[in-house]
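Worksheet: one structure, shown below.
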Amino acid sequence: MRDRHIKEIVREEYRHAALQAASGASSCCSSSCCGTGQSRRDHDPITSNHYAAEERADLPAEAIAASLGCGNPTALARLNPGETVLDLGSGGGIDVLLSARRVGPTGKVYGLDMTDEMLDLARENQRKAGLTNVEFLKGDIEQIPLSDNSVDVIISN
Ligand SMILES: C[S@@+](CC[C@H](N)C(=O)[O-])C[C@H]1O[C@@H](n2cnc3c(N)ncnc32)[C@H](O)[C@@H]1O
């Protein structure tokens, strides 16, 4: 009961963040789970300014605006063409889209999220990015709607 209540509060927070990003407002440093007022140093995949200019160049502005993560898992993960990747709590889809380019057309990337508005935003970002090797799934991280051993790499941000 208490867990369900907490989850609803979390979902409501991300519902607002998704709507804000979809409207074009930047989410930078406001709703991130990393806290507020973090300094933005030059490209560092762990601490700040997570995405390199060449990665951002290929992404829809709304995917960047919706980025709420604490790092850049795609900079740290070893992703190979043809692999299947699962992003837990995929939000607006930034890491899914970057991973999809890395695994290429023979690979596949799933984004899993529990918030409808984030899924809408992510699917719109996928459409804008023109990527077909991507699928966004609605569900809970605690109960992943995929069969066992069906992915090669799991990322989360
Ligand atoms: C901090 S945001 C990060 C979004 C994205 N990974 C990024 O880096 O921008 C967390 C996301 O996880 C989702 N989420 C949180 N708890 C979840 C759960 N238990 N199951 C599925 N999704 C969840 C939220 O809806 C939200 O979109």
Side-chain angles (χ1 to χ4, degrees), residues 1-41 44-51 55-56 59-79 83-100 102-103 108-129 131 133-157:
M1 180 67 187
R2 189 173 154 273
D3 284 354
R4 194 140 35 104
H5 180 64
I6 291 170
K7 198 173 245 181
E8 282 315 311
I9 293 171
V10 171
R11 198 196 313 266
E12 188 59 16
E13 178 79 9
Y14 288 117
R15 194 176 80 78
H16 282 293
L19 294 173
Q20 192 182 25
S23 75
S26 170
S27 61
C28 169
C29 313
S30 57
S31 308
S32 167
C33 59
C34 306
T36 58
Q38 58 183 313
S39 66
R40 308 286 285 178
R41 281 189 276 129
D44 176 326
I46 297 176
T47 55
S48 68
N49 208 6
H50 315 307
Y51 299 94
E55 290 177 303
R56 293 197 304 268
L59 292 170
E62 292 81 358
I64 299 167
S67 172
L68 295 169
C70 304
N72 177 357
T74 68
L76 304 172
R78 213 175 296 139
L79 302 179
E83 284 183 331
T84 300
V85 178
L86 168 63
D87 182 13
L88 299 176
S90 47
I94 187 165
D95 297 313
V96 171
L97 302 183
L98 290 172
S99 299
R102 297 262 298 277
V103 300
K108 170 127 191 185
V109 185
Y110 293 100
L112 174 68
D113 207 285
M114 66 177 183
T115 307
D116 285 322
E117 290 76 4
M118 278 295 185
L119 290 163
D120 291 345
L121 178 64
R123 289 179 181 129
E124 181 61 12
N125 287 334
Q126 175 192 354
R127 192 190 61 75
K128 286 179 182 152
L131 288 162
N133 58 340
V134 162
E135 190 175 342
F136 288 99
L137 307 170
K138 179 164 182 175
D140 290 321
I141 290 170
E142 297 81 356
Q143 223 173 347
I144 296 170
L146 289 171
S147 49
D148 288 354
N149 301 314
S150 59
V151 304
D152 299 300
V153 181
I154 297 177
I155 60 172
S156 190
N157 196 357

Closest approach of [X] and [Y], non-hydrogen atoms and distance?
X    : Y    : answer
N157 : C70  : OD1-N, 2.8 Å
L68  : A17  : CD1-CB, 3.9 Å
G91  : A122 : O-CB, 3.4 Å
K138 : L112 : C-CD1, 4.0 Å
L121 : A18  : CD2-O, 3.9 Å
S90  : F136 : OG-CD2, 3.9 Å

Output the distance between atom [atom1] ([X]) and atom [atom2] ([Y]), rounded to the nearest 0.5 Å.
X    : Y    : atom1 : atom2 : answer
E124 : E62  : CD    : CD    : 7.5 Å
L146 : E135 : CG    : CD    : 8.0 Å
D116 : D120 : CG    : CG    : 6.5 Å
M114 : L88  : CE    : CG    : 12.5 Å
E117 : R11  : CD    : CZ    : 9.5 Å
T115 : E13  : OG1   : CD    : 10.5 Å

For V85, the option from D152, I154, V134, V103 that meets side-chain contact (heavy atoms from CB on, under 4.5 Å):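 Exactly one pass, corresponding to V103.
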Side-chain contact, heavy-atom cut-off 4.5 Å: [X] with [Y]?
X    : Y    : result
S150 : T84  : no
E12  : R15  : yes
L97  : Q126 : yes
I64  : Y51  : no

Walk me through whether E55 and N72 qualify under side-chain contact (heavy atoms from CB on, under 4.5 Å). CA-CA 11 Å; E55 290 177 303; N72 177 357; 3.2 Å; yes
Exam field: side chain D113 to backbone L119, donor-acceptor pair closer than 3.5 Å: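 No, because the side chain of D113 does not come within donor-acceptor range (under 3.5 Å) of the backbone of L119.
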For the backbone of G92 and the side chain of N125, can you confirm whether one donor and one acceptor N or O come within less than 3.5 Å of each other?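 Yes, because the side chain of N125 sits within donor-acceptor range (under 3.5 Å) of the backbone of G92.
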Step by step, would you call I155 with S99 a side-chain contact (heavy atoms from CB on, under 4.5 Å)? CA-CA 10 Å; I155 60 172; S99 299; 3.6 Å; yes
Walk me through whether H16 and Q20 qualify under side-chain hydrogen bond (donor to acceptor under 3.5 Å, both in side chains). CA-CA 6 Å; H16 282 293; Q20 192 182 25; over 6 Å; no
